[in-house]
Amino acid sequence: MNLRNILVPLGAVALVGFGFTAYGWAGVAAVVGGLVMWALLHFTRLVNVMKKAAKRPIGYVGSAVMLNARLAEGVNLMHVVAMTQALGELLSPEGADPEVYRWTDGTQSHVTCEFRHGKLVKWMLVRPEGEAAATPPQG
């Protein structure tokens, strides 16, 4: 069970209680207003990310190599969708945990990401064989 599902509502109730004991009903109004603003900010970010992702093909990313370099363990799926500006191609069965998504770029390089409980646990970059021979050595 995710402890965050319990702690966030308890924290909100504790803040409302603190607002009431410290400032009465004006404190409750201020705390509830702050909580609503916080929820609206997250909702607005979610809508903007989904609006951008709706304009791109599913599973497409501009550069799989750059995505691989920017990924970090523990980020959530929404953060990865915001980075790629596209929904990932779902490779795992619907509703399974871990969830596996893939993003592919124009050179057929792809990054496969595994999410457990919505958090990135591992990822792998795969590049086509012909591309390694075609790129000149750096240096």
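Note that the numbering runs from 1 along the sequence shown for the chain. Computed from heavy atoms alone, side chains included, the values below leave out hydrogens, waters and symmetry copies. Small disclaimer: the values here were computed from a predicted structure and weren't measured.
Pairs passing the salt bridge (Lys or Arg N to Asp or Glu O under 4.0 Å) check and including a residue from residues 114-124, sequence neighbours excluded, read Glu114-Arg116, Glu114-Lys122. Within the structure, salt bridge (Lys or Arg N to Asp or Glu O under 4.0 Å) contacts touching residues 83-104 (residues at least two apart or in different chains) do not occur. Residue pairs meeting the side chain to side chain donor-acceptor pair (under 3.5 Å) criterion with at least one member in residues 59-73, sequence neighbours excluded: Asn68-Trp123.
Not counting sequence neighbours, Tyr23 has no partner by the ring pair (Phe, Tyr, Trp, His ring centres under 6.0 Å) test.
Hydrophobic cluster membership for Val126: Met124 (Ile, Leu, Val, Met, Phe, Trp, Tyr linked by side-chain heavy atoms under 4.5 Å, directly or transitively). Think of Phe18 as one node in a network of Ile, Leu, Val, Met, Phe, Trp and Tyr side chains linked at under 4.5 Å; it has no links at all.
Taking every heavy atom of both residues into account, Phe115 and Leu120 meet most closely at CD2-N, 3.5 Å. When all heavy atoms of Ala64 and Ser109 are compared, the closest pair comes out as CB-O, 3.7 Å. Closest heavy-atom contact between Leu71 and Cys113: CD1-SG, 3.8 Å.
In the hydrophobic clustering of this structure, Val100 does not group with Val80; members are Ile, Leu, Val, Met, Phe, Trp, Tyr whose side-chain heavy atoms approach within less than 4.5 Å, directly or through other members. The same ILVMFWY cluster, assembled from side-chain heavy atoms under 4.5 Å apart, contains both Leu90 and Trp103.
Side-chain contact check for Val111 versus Tyr101: every heavy-atom pair is 4.5 Å or farther apart. A heavy-atom distance below 4.5 Å is not found between the side chains of Val61 and Thr104.
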Can you give each donor-acceptor pair under 3.5 Å made by side-chain atoms of residues 6-16, sequence neighbours left out, with the distance rounded to 0.1 Å?
none

Would you be so kind as to tabulate the donor-acceptor pairs closer than 3.5 Å made by side chains of residues 28-54, with sequence neighbours excluded?
unit_1	atom_1	unit_2	atom_2	d
Trp38	NE1	His42	NE2	3.0
Thr44	OG1	Leu40	O	2.7
Asn48	ND2	Thr44	O	3.4

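Interatomic distance, His110 NE2 to Leu125 CG, rounded to the nearest 0.5 Å: 8.0 Å. Distance CE/Met66 to CE/Met83: 11.0 Å, rounded to 0.5 Å. Atom CZ of Arg127 and atom CG of Asp105 lie 8.5 Å apart (nearest 0.5 Å).
Enclosure of atom CE in Met78 by more than 12 non-hydrogen atoms of other residues, nucleotides or ligands within 6.0 angstrom is indicated.
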